[in-house]
Amino acid sequence: LCDDDHSCYEINIDVTNANQIDVTATEHQAAIYGGTIHAEHAKKFDITCRGSGDYNYYGYGCNDVSLYLPQDDDSEFNLNCKGTGCESLTFYSDNGMSVIDSITFDLCGCDSDDTDWCIDDWYLHCDSAYDYNYDTFWGGSCSGYDSCGCQTMLDKLNDGTTQCIDKRLKVGQIIGITIGVTFAIICLCSIYCRVCGKEARR
């Protein structure tokens, strides 16, 4: 658990043969900044990264972190992002991004309706030749033609993305509410004036 400012700064974790790994980075300043997590033969690897919405590395739960994903047939990898929590991640996988079981993305804290603005770039390296087989994922598209299974990552991200129900009201909604309230006040005033007029004539 990385739950304080710079608490896991440039940390290097080797849990290659672990049974289960749970890593969580909260909305503190650079909770996980830089560093590497090796989990190539872990049975289950879950990582959660939460961001505050500030557009600099201080607002990101995970920033510039390299993840070596589980490769075994019976292994599992799940990525959970909130707001700007998953910034500039780098993924390494001999079998491409097909090893990712799920991606959940809660847009609350991102100040955007699109993941493109929330993650900057994700860098995907696949096969044993990591320096030659790679792709860049931009949140809504891939730089290559489905290199490293980038399209698979996009599909999983789209399936797991939820809009922020607490997102601030848009200008159109505010205008609509203002007009509605104004109209209601006018109606109440009109009714009051009619009642007062009847009382005055008695």
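Using a 4.5 Å heavy-atom threshold, the side chains of Val65 and Ile11 count as separate. A 4.5 Å side-chain heavy-atom check between Leu107 and Thr115 finds at least one atom pair inside the cut-off.
The side chain to side chain donor-acceptor pair (under 3.5 Å) test with Thr48 singles out one residue from Thr26, Asn78, Asp22, Asn80, and that residue is Asn80.
When every heavy atom of Cys86 is checked against every heavy atom of Cys49, the shortest pair comes out as SG-CB, 3.7 Å. Scanning all heavy atoms of the two residues, the minimum distance from Phe77 to Val99 falls at CB-O, 4.1 Å. When every heavy atom of Pro70 is checked against every heavy atom of Ala42, the shortest pair comes out as CB-O, 3.6 Å. Lys82 and Cys108 make their closest contact through NZ-O, 3.5 Å (heavy atoms, listed as atom of the first residue, atom of the second, distance). Closest approach of Gly139 and Leu154 over heavy atoms only: O-CD1, 3.8 Å. Between Cys62 and Leu89 the shortest heavy-atom distance is CB-CD2, 4.0 Å.
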- Applying side-chain hydrogen bond (donor to acceptor under 3.5 Å, both in side chains), run through Gln71 and Asn95 and close with a yes or a no. CA-CA 7 Å; Gln71 300 298 301; Asn95 299 310; 3.0 Å; yes
- Go through the steps for Phe137 and Leu157 under the test side chain to side chain contact (heavy atoms under 4.5 Å, CB included), then give the verdict. CA-CA 11 Å; Phe137 179 61; Leu157 179 64; 3.5 Å; yes
- Query: Given the rule in the side chain to side chain contact (heavy atoms under 4.5 Å, CB included) test, do Met153 and Leu124 qualify, once you have shown the distances and angles that lead to the verdict?
  - Reply: CA-CA 10 Å; Met153 174 172 275; Leu124 319 180; 3.7 Å; yes
- Message: Between Asp120 and Ser88, is the side-chain hydrogen bond (donor to acceptor under 3.5 Å, both in side chains) condition met? List the steps.
- Response: CA-CA 6 Å; Asp120 193 11; Ser88 298; 3.1 Å; yes
- So Cys81 and Cys118, disulfide (SG to SG under 2.5 Å) or not? Walk me through it. CA-CA 10 Å; Cys81 305; Cys118 307; over 6 Å; no
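Taking the six-membered ring where tryptophan is involved, the planes of Tyr92 and His125 are essentially parallel, since the angle between them stays under 30° and well short of 60°.
A side-chain donor-acceptor contact under 3.5 Å links Ser143 to the backbone of Thr136.
Enclosure of atom CG in Asp74 by more than 12 non-hydrogen atoms of other residues, nucleotides or ligands within 6.0 angstrom is indicated.
Cys126 has its SG atom within less than 2.5 Å of the SG atom of Cys148.
Under a hydrophobic clustering in which Ile, Leu, Val, Met, Phe, Trp and Tyr are joined whenever their side-chain heavy atoms come within less than 4.5 Å, directly or via other members, Ile13 and Leu69 fall into the same cluster.
Side-chain atoms of Asp72 and His41 include a donor-acceptor pair closer than 3.5 Å.
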